[in-house]
Amino acid sequence: MKKMVIKIVLAVMLIGVFVFGGLTIMNRQQISSDLKSAHQAIDGQQWSAAKRKYTNVQKKAPSAESRTALQQLNLLIAGDKASQKKDYQSAVSQYQAALRVDDGLKRINRQIKKVLPKLEALHKKATQVKKASSTEAGATANDKIKDSSKASVSSDTQSSSHWSEASSSSEAINHGDLANAYQFSASDVAAARSELKASFNNVDQYDDETIKRVMAMSLLNQTSLETAYSNGGWAGTSH
């Protein structure tokens with residue numbers, strides 16, 4: 001009877017060894033398969049797919065490689081999301097951060113270096129377009145201000161004479177009614193505000209009535225909007 005029990009125990013132990021060994025082999029095979037798929041996804045710049053595979057690997061057999069890969073991949077995924085929103089500055093920053101990760105994977109770094117120059121070019125182009133649009137908006141504002149001035153002069157000669165005299169008087173120029181000296185439209189004011197913001201960082205502190213005063217001073221004194229803004233004291237004060 002005792003020998004029988006020993007045989008049964010040994011048999012159970014052998015079965016356990018075989019089962020455990022089989023599971024271990026299967027687990028290793030799965031890890032190897034996931035790593036292979038992750039590498040293929042990285043080579044194809046498919047960051048999300050690579051992240052899923054590395055996440056599986058990290059759960060089964062945590063390692064420095066999978067931990068570092070996940071850190072880089074999270075940054076790259078965030079960079080792609082920013083790029084889709086045309087926020088190229090943020091996209092470039094995320095990719096650069098991924099490239100600076102300590103002991104970053106060479107396979108991932110190679111792909112980053114392929115994509116990063118393209119993102120930097122898109123960021124540069126977007127910046128140039130934005131700058132050109134701002135300049136064009138400023139030019140349009142000046143043209144509209146000039147047209148408004150001509151219309152005001154032709155329709156009310158007496159009023160024009162009065163404001164011409166007021167241009168030489170600091171007290172008159174700063175009068176509250178100056179904002180109503182010309183018939184500025186909302187688009188005129190928006191364009192003028194855009195031009196001023198290119199030179200001053202406190203423009204948004206002032207309401208549209210103040211911007212109209214600046215525009216009127218520009219016309220009356222025959223100066224640029226920037227000069228009128230500075231001479232009127234708005235550039236160096238808080239509202």
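Start at 1 with the first residue, then count along the sequence.
Between the side chain of Ser194 and the main chain of Ala190, no donor-acceptor pair closer than 3.5 Å is present. Using modelled atom types, one side-chain atom of Ser37 and one backbone atom of Ser33 make a donor-acceptor pair closer than 3.5 Å. A distance-only check finds a donor-acceptor pair linking the side chain of Thr127 to the backbone of His123 [under 3.5 Å].
With a 6.0 Å radius and a threshold of 12 heavy atoms from other residues, nucleotides or ligands, Gln222 has its CD atom at or below the threshold.
Looking at every heavy atom in both residues, Ala98 comes nearest to Leu76 through CB-CD2, 3.7 Å. Scanning all heavy atoms of the two residues, the minimum distance from Leu70 to Lys51 falls at CD2-O, 3.6 Å. Here the closest non-hydrogen pair linking Ala50 and Ala41 is N-CB, 3.6 Å. Between Ala228 and Ser218, the shortest heavy-atom distance links the atoms CB-N, 3.8 Å. Scanning all heavy atoms of the two residues, the minimum distance from Arg193 to Ile211 falls at NH2-CG1, 3.5 Å. Taking all atoms of both residues into account, the shortest heavy-atom contact from Val57 to Ser66 is CG1-CB, 4.3 Å.
Gln72 places a side-chain heavy atom less than 4.5 Å from the side chain of Thr68. You'll find the side chain of Leu105 reaches within 4.5 Å of the side chain of Tyr54, heavy atoms only. Using a 4.5 Å heavy-atom threshold, the side chains of Met217 and Trp234 count as touching. Between Gln46 and Gln40, the closest side-chain pair of non-hydrogen atoms is not below 4.5 Å.
By the criterion of side-chain heavy atoms lying less than 4.5 angstrom apart, applied directly or through intervening Ile, Leu, Val, Met, Phe, Trp or Tyr residues, Leu99 is not grouped with Leu75; the two fall into different hydrophobic clusters. Neither Leu73 nor Val101 shares a network with the other; the hydrophobic side chains, linked directly or stepwise wherever heavy atoms of I, L, V, M, F, W or Y lie under 4.5 Å apart, form separate groups for each.
Judged by distance alone, the side chains of Asp207 and Thr210 do bring a donor and an acceptor atom under 3.5 Å apart.
Note that the NE2 atom of His39 and the CG atom of Asp43 stand 8.5 Å from one another [nearest 0.5 Å]. Here Lys212 contributes atom NZ and Ser185 contributes atom OG; the two are 9.0 Å apart, rounded to the nearest 0.5 Å. With values rounded to the nearest 0.5 angstrom, Leu119 atom CG is found 11.0 Å from Ile112 atom CD1. Here the CD atom belonging to Glu65 is positioned 10.0 Å from the CD atom belonging to Gln58, to the nearest 0.5 angstrom.
Residues that satisfy the salt bridge (Lys or Arg N to Asp or Glu O under 4.0 Å) test with Arg67, not counting sequence neighbours, are absent from this structure. With sequence neighbours excluded, the residues that form a ring pair (Phe, Tyr, Trp, His ring centres under 6.0 Å) with Phe200 are Tyr229. The side-chain hydrogen bond (donor to acceptor under 3.5 Å, both in side chains) search around Asp87 returns none, not counting sequence neighbours. Applying the side-chain hydrogen bond (donor to acceptor under 3.5 Å, both in side chains) criterion to Asn231, with sequence neighbours excluded, gives no partner residue.
Within the structure, every pair that satisfies the side chain to side chain donor-acceptor pair (under 3.5 Å) test and touches residues 110-122, not counting sequence neighbours, is listed here: Gln45-Gln111. Residue pairs meeting the side chain to side chain donor-acceptor pair (under 3.5 Å) criterion with at least one partner in residues 91-106, sequence neighbours excluded, are Trp47-Tyr95, Asp80-Tyr95.
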